[in-house]
Amino acid sequence: MTRGRFITFEGGEGAGKSTQVRRLAARLQSAGREVVATREPGGSPGAEAIRNLVLKGDADRWSPMTETLLMYGARRDHIERTILPALARGAWVVCDRFADSTRAYQGGAGGVDPAFISALETHVLADVRPDLTLVFDLPVEVGLARAEAFAQADGHAETRFESKGAAFHERLRRAFQQIAAAEPDRCALIDAAAGIDEVEREVWRTVERRLVHG
Ligand code: TMP
């Protein structure tokens with residue numbers, strides 16, 4: 001059986017990734033593919049338990065280094081229990097955030113040494129690397145306003161990172177832009193300020209061009 005495909009969605013707060021993950025999963029399913037739609041931190045029972053720890057509480061509850069280690073603990077469990085079994089049976093895995101989020105949040109914006117994060121990638125990810133990464137880009141103030149609206153709807157349950165301040169989010173945006181520019185074969189920058197349907201069309205065009213007909 002051929003290995004499935006691994007697509008990740010990345011970007012700052014309020015970019016609308018979760019909606020687009022659901023829409024892409026539905027399109028791929030109607031094209032006859034088995035799809036596993038998942039997210040990080042989370043995506044397996046153990047990793048969801050770590051998510052609960054890391055996304056709740058005060059902004060300074062964990063240092064960026066501790067966050068890195070928690071994210072990688074969660075990621076390893078997610079890879080072993082969800083991602084690898086799905087890819088092995090030929091499914092397409094569509095994941096809301098993955099390793100680039102650690103590079104950008106804990107590395108670029110949080111100040112953790114990029115060499116340390118690269119070492120974790122080498123040892124923990126091994127050969128589990130995305131075939132395609134869609135990097136959602138939008139102005140920080142637009143994203144934070146959208147994120148605040150979502151947070152009000154769910155009672156501010158998971159707002160640790162949103163509350164880190166504007167300078168953090170500007171560094172974060174630059175870090176994601178730099179990742180996309182440095183790895184153009186893997187990454188595509190998506191204008192996430194556009195309307196939901198337009199973003200969906202752009203995502204689908206990119207997936208078709210890079211993976212379906214690629
Ligand atoms: P979200 O995907 O619902 O936006 O929530 C996940 C939050 O966790 C988001 O604020 C980004 C943060 N995060 C990191 O800081 N590092 C990581 O490696 C991952 C996967 C997420």
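In listed order, ligands and their atoms are each counted from 1.
- Scanning for ring-ring contact (aromatic ring centres under 6.0 Å, His included) contacts around Phe161 gives Tyr105, with sequence neighbours left out.
- Under a 4.0 Å N-O distance rule, the pair Arg205/Glu202 qualifies as a salt bridge.
- Using a heavy-atom distance under 4.0 Å as the criterion, the protein contacts of ligand 1 are Glu13, Lys17, Glu40, Pro41, Arg51, Leu55, Met71, Arg75, Arg97, Ser101, Thr102, Tyr105, Gln106, Phe161.
- Under the salt bridge (charged side-chain N to carboxylate O under 4.0 Å, His left out) criterion, no residue pair touches residues 138-149, with sequence neighbours excluded.
- Leu138 forms part of a hydrophobic cluster together with Val142, judged by ILVMFWY side-chain heavy-atom separations under 4.5 Å.
- A salt bridge is defined here as a Lys NZ or Arg NE, NH1 or NH2 lying under 4.0 Å from an Asp or Glu carboxylate O, and Arg39 with Glu48 meets this definition.
- Taking the charged nitrogens against the carboxylate oxygens, Asp131 and Arg5 have no contact shorter than 4.0 Å, which rules out a salt bridge.
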